[in-house]
S.K.: 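One structure, as structure tokens, below. Some questions next.
Scope of the values below: all heavy atoms of this structure, side chains included, with no hydrogens, waters or symmetry mates. Throughout, protein chains are lettered first and strands after them, A, B, ... in sequence-line order, and every chain is numbered starting at 1. On a predicted model such as this, the values are computed, not experimentally measured, just so you know.
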There are 2 protein chains.
Amino acid sequence: MTDIKAAYLACPIRQVISRFGDKWSLLVLYTINESENGVMRFNELRHHMMDCSQKMLSQTLKNLEQSHLVHREVYPEVPPRVEYSLTDTGKSLMPAIMALIAWGKEHFNEVVTD
Amino acid sequence: MTDIKAAYLACPIRQVISRFGDKWSLLVLYTINESENGVMRFNELRHHMMDCSQKMLSQTLKNLEQSHLVHREVYPEVPPRVEYSLTDTGKSLMPAIMALIAWGKEHFNEVVTD
DNA sequence: TGTCATAGTTACCAAAAGGTAGGAATAGTG
DNA sequence: CACTATTCCTACCTTTTGGTAACTATGACA
């Protein structure tokens with residue numbers, strides 16, 4: 001492995017961004033966290049994120065599960081029931097995300113001038 | 001404008017992500033902020049971000065300037081000298097970014113298991 | 001037998017992001 | 001005149017991302 005690649009892997013900023021810097025990840029984490037009991041089903045999430053396609057939602061959830069930020073619980077019923085919740089690691093990320101969102105709300109007008 | 005689009009535009013999470021959720025923006029903000037006097041020249045940034053192409057760096061800086069997060073000062077010299085620094089808005093974002101980075105450092109091992 | 005509901009997956013296509021290589025501008029220096 | 005240094009921009013190509021529509025599985029229920 002090259003030095004450059006090693007430096008890349010060691011950089012926490014890139015790690016952070018590569019894990020949930022995409023179009024939907026932060027929104028999923030936020031939405032699950034804001035729910036009543038911290039648990040949400042697939043279609044329930046879909047209704048809260050109306051402009052996210054089914055494909056992107058399941059893809060995003062799969063990534064978050066692999067990053068150990070979201071827990072996926074499957075109940076062997078028919079029709080199937082799958083519940084998503086934040087892991088402890090996922091919960092520990094929420095303060096940082098909420099700080100980012102708070103900043104976004106406060107400085108919206110300074111940044112967006114299109 | 002549809003209701004869905006209005007909801008989209010009003011969502012601070014998306015605004016935040018769309019402004020600096022790309023591959024390089026957060027790293028640029030972080031790098032400028034960590035510098036000696038808070039000011040960096042183009043090639044200086046390049047050396048700190050070795051695997052970012054020239055094209056992407058200038059593109060990223062342009063976006064950050066348009067979002068009023070970075071200030072660009074051009075000195076009419078030859079060869080040209082251009083200095084980049086954070087605006088007040090940009091500085092106000094740093095605590096949230098540093099919180100995210102701190103989280104990334106702390107939870108690196110829980111999340112990255114490839 | 002046909003339909004419903006849930007939670008997906010897959011194939012296919014379009015759009016966006018990002019990398020490489022080369023050019024442009026220009027004053028100073030040898 | 002040739003060469004250098006600095007900060008880009010542009011054309012071209014590849015890779016990644018994201019959307020649409022159709023398909024799967026299965027037990028209950030009419």
Side-chain angles (χ1 to χ4, degrees), chain A residues 2 4-5 7-8 11 13-15 17-28 31-32 35 39-67 70-85 114, chain B residues 2 4-5 7-8 11 13-15 17-28 31-32 35 39-67 70-85 114:
Chain A
T2 66
I4 292 178
K5 191 167 179 189
Y8 181 95
C11 175
I13 308 180
R14 261 119 155 184
Q15 284 301 327
I17 295 171
S18 73
R19 293 290 159 170
F20 42 80
D22 62 2
K23 200 170 173 183
W24 302 110
S25 292
L26 281 184
L27 203 57
V28 165
T31 305
I32 294 177
S35 68
V39 176
M40 288 192 95
R41 298 181 60 180
F42 188 82
N43 277 338
E44 202 178 351
L45 271 167
R46 285 244 297 149
H47 291 137
H48 277 77
M49 301 167 58
M50 291 163 61
D51 53 344
C52 175
S53 70
Q54 208 174 26
K55 173 190 164 188
M56 289 315 300
L57 182 54
S58 72
Q59 202 172 98
T60 302
L61 285 166
K62 198 188 288 178
N63 285 340
L64 290 174
E65 195 194 354
Q66 276 170 7
S67 295
V70 160
H71 173 71
R72 182 169 182 270
E73 186 81 38
V74 183
Y75 297 88
E77 305 171 356
V78 171
R81 181 159 64 100
V82 181
E83 288 185 347
Y84 295 93
S85 56
D114 303 338
Chain B
T2 65
I4 292 179
K5 190 168 181 188
Y8 181 95
C11 174
I13 308 181
R14 261 117 155 187
Q15 284 301 328
I17 295 172
S18 72
R19 293 289 159 170
F20 43 79
D22 62 3
K23 200 170 173 183
W24 302 111
S25 292
L26 281 184
L27 203 57
V28 165
T31 305
I32 294 176
S35 68
V39 176
M40 287 192 96
R41 297 181 60 181
F42 188 81
N43 276 339
E44 202 179 351
L45 271 167
R46 284 246 295 150
H47 291 137
H48 277 77
M49 301 168 56
M50 292 162 61
D51 53 342
C52 175
S53 71
Q54 210 172 26
K55 174 188 163 188
M56 289 315 301
L57 182 54
S58 72
Q59 203 173 97
T60 302
L61 285 166
K62 195 189 290 177
N63 285 341
L64 290 174
E65 195 194 353
Q66 277 170 5
S67 295
V70 161
H71 172 69
R72 184 169 180 270
E73 186 81 37
V74 184
Y75 297 89
E77 305 171 359
V78 170
R81 181 159 64 100
V82 182
E83 287 185 347
Y84 295 92
S85 56
D114 303 339

S.K.: With sugar-phosphate meaning primed atoms plus P, OP1 and OP2, does A/Tyr75 contact a base, only sugar-phosphate, or nothing at under 4.0 Å between heavy atoms?
M.R.: nothing

S.K.: Nearest to the side chain of A/Pro80, heavy atoms from C-beta on, is which of C/dG8, C/dT6, D/dC8?
M.R.: C/dT6

S.K.: Any chance you could measure B/Ser18, atom OG, to B/Asn63, atom CG, to the nearest 0.5 Å?
M.R.: 10.0 Å

S.K.: Nearest heavy-atom pair of B/Gly21 and A/Ile17: which atoms, and what distance?
M.R.: O-CG2, 4.3 Å

S.K.: Could you tell me the separation between the CH2 atom of B/Trp24 and the P atom of C/dG18, rounded to a whole number of Å?
M.R.: 9 Å

S.K.: Between C/dG19, D/dG19, C/dT9, spot the one nearest the side chain of B/Met56, thanks.
M.R.: C/dG19

S.K.: Rounded to the nearest 0.5 Å, how far apart are OH of A/Tyr84 and CD of A/Glu65?
M.R.: 7.0 Å

S.K.: Rounding to a whole Å, what distance do you find between A/Glu73:CD and C/dA7:P?
M.R.: 14 Å

S.K.: Where along residues 40-47 of chain B does a heavy atom come under 4.0 Å from DNA chain D, residue by residue in number order?
M.R.: B/Arg41, B/Phe42, B/Asn43

S.K.: A/Ile17 has an atom CD1; how far is it from atom P of D/dT17, in whole Å?
M.R.: 14 Å

S.K.: Rounded to the nearest angstrom, tell me the gap between atom CG in A/Leu57 and atom P in D/dG19.
M.R.: 11 Å

S.K.: Might you point out which heavy atoms bring B/His48 and B/Thr31 nearest each other, and give the distance in Å?
M.R.: CB-CG2, 3.8 Å

S.K.: How close or far is atom P of D/dA22 from atom CD of A/Gln54, stated in whole angstroms?
M.R.: 13 Å

S.K.: If you take all heavy atoms of B/His71 and B/Glu73, which pair is closest and at what distance?
M.R.: NE2-OE1, 2.8 Å

S.K.: Mapping A/Lys55 and B/Ser58 to their closest nucleotides on DNA chain D, which lands nearer the 5' end?
M.R.: B/Ser58

S.K.: For A/Arg81, which residues count as a salt bridge (Lys or Arg N to Asp or Glu O under 4.0 Å) partner, sequence neighbours excluded?
M.R.: A/Glu77, A/Glu83

S.K.: Choosing from C/dG8, D/dC8, C/dG19, which nucleotide comes nearest the side chain of A/Arg72?
M.R.: C/dG8

S.K.: Could you tell me the separation between the CE atom of A/Met50 and the P atom of D/dG18, rounded to a whole number of Å?
M.R.: 19 Å

S.K.: Could you measure the distance from the CG atom of B/Leu45 to the CG atom of B/Leu57? Nearest 0.5 Å is fine.
M.R.: 5.5 Å

S.K.: Using a heavy-atom cut-off of under 4.0 Å over every strand shown, decide if A/Gln59 touches base, sugar-phosphate, or nothing.
M.R.: nothing

S.K.: If you measure from CD on A/Gln66 to CZ on A/Arg19, what distance do you get to the nearest 0.5 Å?
M.R.: 8.5 Å

S.K.: D/dG19, C/dA27, D/dC8: which one has an atom nearest the side-chain heavy atoms of B/Val78?
M.R.: C/dA27

S.K.: To the nearest 10 degrees, how far apart in direction are the end axes of the helix from C/dT1-D/dA30 to C/dG30-D/dC1, each fit to five base pairs?
M.R.: 30°

S.K.: Between OG of B/Ser67 and NZ of B/Lys62, what distance do you get to the nearest 0.5 Å?
M.R.: 13.0 Å

S.K.: To the nearest 0.5 Å, tell me how far B/Gln59 CD sits from B/Cys52 SG.
M.R.: 9.5 Å

S.K.: Closer than 4.0 Å, any side-chain N/O of B/Lys62 to the OP1 or OP2 of D/dC8?
M.R.: no

S.K.: I need the CD-C1' distance between B/Glu77 and D/dT4, as an integer number of Å.
M.R.: 16 Å

S.K.: A/Pro79 or B/Asp22: which one's nearest nucleotide on DNA chain C is closer to the 5' end?
M.R.: A/Pro79

